[in-house]
Amino acid sequence: MSKTMRCVVEHITFQSAETGYSVLRVSSSDYKSLVTVVGNFLGVGVGTVLQCEGDWKTSRFGQQFECERWEEVMPATAYGIEKYLGSGLVKGIGPRFARLIVAKFGTETIHVIENDIKRLYEVEGIGKKRVEQIQESWAKQKDIKNVMLFLQGHGVSVAYATKIYGKYGQDSVEMVKSNPYRLADEIWGIGFKTADGIAQKLGYEKSDPRRCRSGLLYTLQVFSEDGHCFGEEESLVSETVKLLEADEETIRTALEDMCENGLLVREEERVYLPAFFKAEKSVAEGLAILVRTSGDSLFKLSVDIDELQREAGVTYDEVQIAAIRQAIASKVMVLTGGPGTGKTTTTRAIIAALEAAKLRILLAAPTGRAAKRMSEATGKEAKTIHRLLEYNPQEGCNRNADNPLEGDVLIVDECSMIDLMLMYFLVKAIPPHMRLVMVGDTDQLPSVGAGNVLRDIILSNVVPVVRLTRIFRQAQSSRIVMNAHAINQGRFPDISNGLQTDFFFLPQSDAETVVKDIVALVRDRLPRAYKVRSSQIQVLSPMQRGTLGTVNLNRALQEALNPGKGGLVRGAVSFRRGDRVMQLKNNYDKDVYNGDMGHIVSIDREEQSLKVSFDGREVDYDGSDLDELTLSYATTIHKSQGSEFPIVVMPVLMAHFVMLQRNLIYTGITRAKKICVLVGETKALNTAIRNVSSLQRYTRLSQRLAEMVKSL
């Protein structure tokens, strides 16, 4: 027989952002000390009052209350009211004012706020502005209550219910009832599986057409997250059947209907989301027009290589000179090469040559860090592609076909990071007379988003490509550079260590010990040896989950480098002043983008908000924004693309087997500017070097581009 327990959440021991499984320490009037409650509590925060239904179980951790069902309830005791008000749910009341208000009104506090709010002026320190803020927030909380109760009753967490209400307001219940699958398309953080869980509780059948449509869209979205621009029809159908456990005929009927109605685009056996189909065709057409269009000055330019070398104080080799001449003679070109081959020097020479010809040059890169590096390397202003295109969330890109970029040449760095959709917006804004120089390392990981743009452009064989292969003498003294090239060529690197080297391998096979070794390296050994701050050391991991994933490494590193309490809790993460953090999604309102890294400069526990400094620019986050941030003492190698760090520490163990690929290790090593330390197993490193079977991405950009150029 199930039991009930009313309790207040005092501490969150663990909370999975993926599954919602949580371990809570709670207080209850039925028990003298804190008790442990386990169950699915995604979105529940400290101070929440819960009515739990379940039973007591004995585990290796002792007695635990296993919660099967729960609901959030209004607190009845003064202590519970204080915890509730201080949790951040009501704007204007943080822990301090919650304590003062409850000290004044006790168990009558809720009645006072609801029916006689002006009495709050009796509390010392509360003025008109704060009372108005509390009144507005409380009214919103009352409005949201029915919506929240309905959504929670159908398995939606408090955090997601708040987002749903923010999107649909009082129409939330009706919208969710009519088509819960819209949630997956329209609200960031809510995936198909969450929406499907709600739908099933609402009684949706497995073969409901709305479910089939959403399942097909979700499967294609999963394909795109793996880098594919389309799905092969048979694979799309079979994966959707597996996902939905619905019959194949129903899925095929839904697919036909979606193609007929323009929700999907079918081209032979390929099925596209419409945005990707349009983008792929438009990028091919736009680049083809650039390749085929000759600007008035295209063949009138000349360059004095000797003069360029004298001014730069550099002697270029024959390949670099060929690159300079190619840039002078081409409308579109690609410059590629690995570390130490002179990409930066050659890019500076190309800029100098084109400036000598009086051409106006624009510089850009996909991320803020990459743009900053480009500015430092060239001495010229470089912008992120989003800023170059003057993007804003209300209107999209201000720079487009109707309002193109102004200039004669666009040079874009780190082009291996550019996905299909970003290239689509960029190409639309390039006028026919403009030259385009793309710089990047094709041996790095491809873009996080769908497509393989730089590689596809090279494979099309219609754009001139200059490959820098010679490793310059200065770079040859760097074992980071030489080992990166060795790995890229399938050879095992030099891991002999030594006092004068910049590349170290520390053998260790036990994952828990590796975590301790990494903490010691970042906190003590490397700062002491190289006279650097721990903030200049970046830990990179192939994965997010597991003992050596970024989640666990961040937890360990935060405790070692920035211990203490008093932060803002979001799920299982406590954000503290001084923490290193990363943005997880593009937020155009804040002008911060996926992968941008900064540090927390201040926390306001009363307002449940914090400020993050991104390269000196401070950005405000309130409680509802915190799921856009994560700790970044450790980050994935994928997220590190376009960045460079003085010192990189990277675990490489067989535990990462599924992710051990040559281009992953190569990318990680090349993020290190001065020192690179690998910790792990030589077997794992060898496995990665041998594994070149990285996932083939489904894309037709190279074929389209070749066909388009031929047809013009």
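- Checked by atom type and distance alone, the side chain of Ser235 never pairs as donor or acceptor with a backbone atom of Glu232 at under 3.5 Å.
- We find that Arg369 and Asp596 are not joined by a salt bridge, their nearest charged nitrogen and carboxylate oxygen being 4.0 Å or further apart.
- Residue Glu205 places its CD atom among 12 or fewer non-hydrogen atoms of other residues, nucleotides or ligands, all under 6.0 Å distant.
- Ring geometry, Tyr621 versus Phe614: the interplanar angle falls from 30° to 60°, so the pair is classed tilted.
- Remark: the Ser282 side chain and the Glu285 side chain contain no N/O donor-acceptor pair separated by less than 3.5 Å.
- Around atom NZ of Lys281, no more than 12 heavy atoms belonging to other residues, nucleotides or ligands sit under 6.0 Å away.
- Ion pair Arg700/Glu268 not flagged as a salt bridge, since none of the NZ, NE, NH1 or NH2 atoms sits closer than 4.0 Å to an Asp/Glu carboxylate oxygen.
- Side-chain contact, Asn587 with Gln583: no donor N or O sits under 3.5 Å from an acceptor N or O.
- One finds no salt bridge joining Arg270 and Glu233 here, because no Lys/Arg side-chain nitrogen approaches an Asp/Glu carboxylate oxygen to under 4.0 Å.
- At a threshold of 4.0 Å, the pair Glu234-Arg252 counts as salt-bridged, since one of the basic side-chain nitrogens sits closer than that to a carboxylate oxygen.
- Listed for the Thr667 side chain is a donor-acceptor partner under 3.5 Å among the backbone atoms of Leu445.
- Under 4.0 Å is where a charged nitrogen must lie from a carboxylate oxygen, and between Glu239 and Lys242 at least one such pair does.
- In terms of modelled atom types and a separation under 3.5 Å, the side chain of Thr636 and the main chain of Lys639 share a donor-acceptor contact.
- With 3.5 Å as the limit, one finds a donor-acceptor pair spanning the side chains of Asp456 and Thr699.
- Taking 4.0 Å as the cut-off between side-chain N and carboxylate O, Glu628 and Lys590 do not count as a salt-bridged pair.
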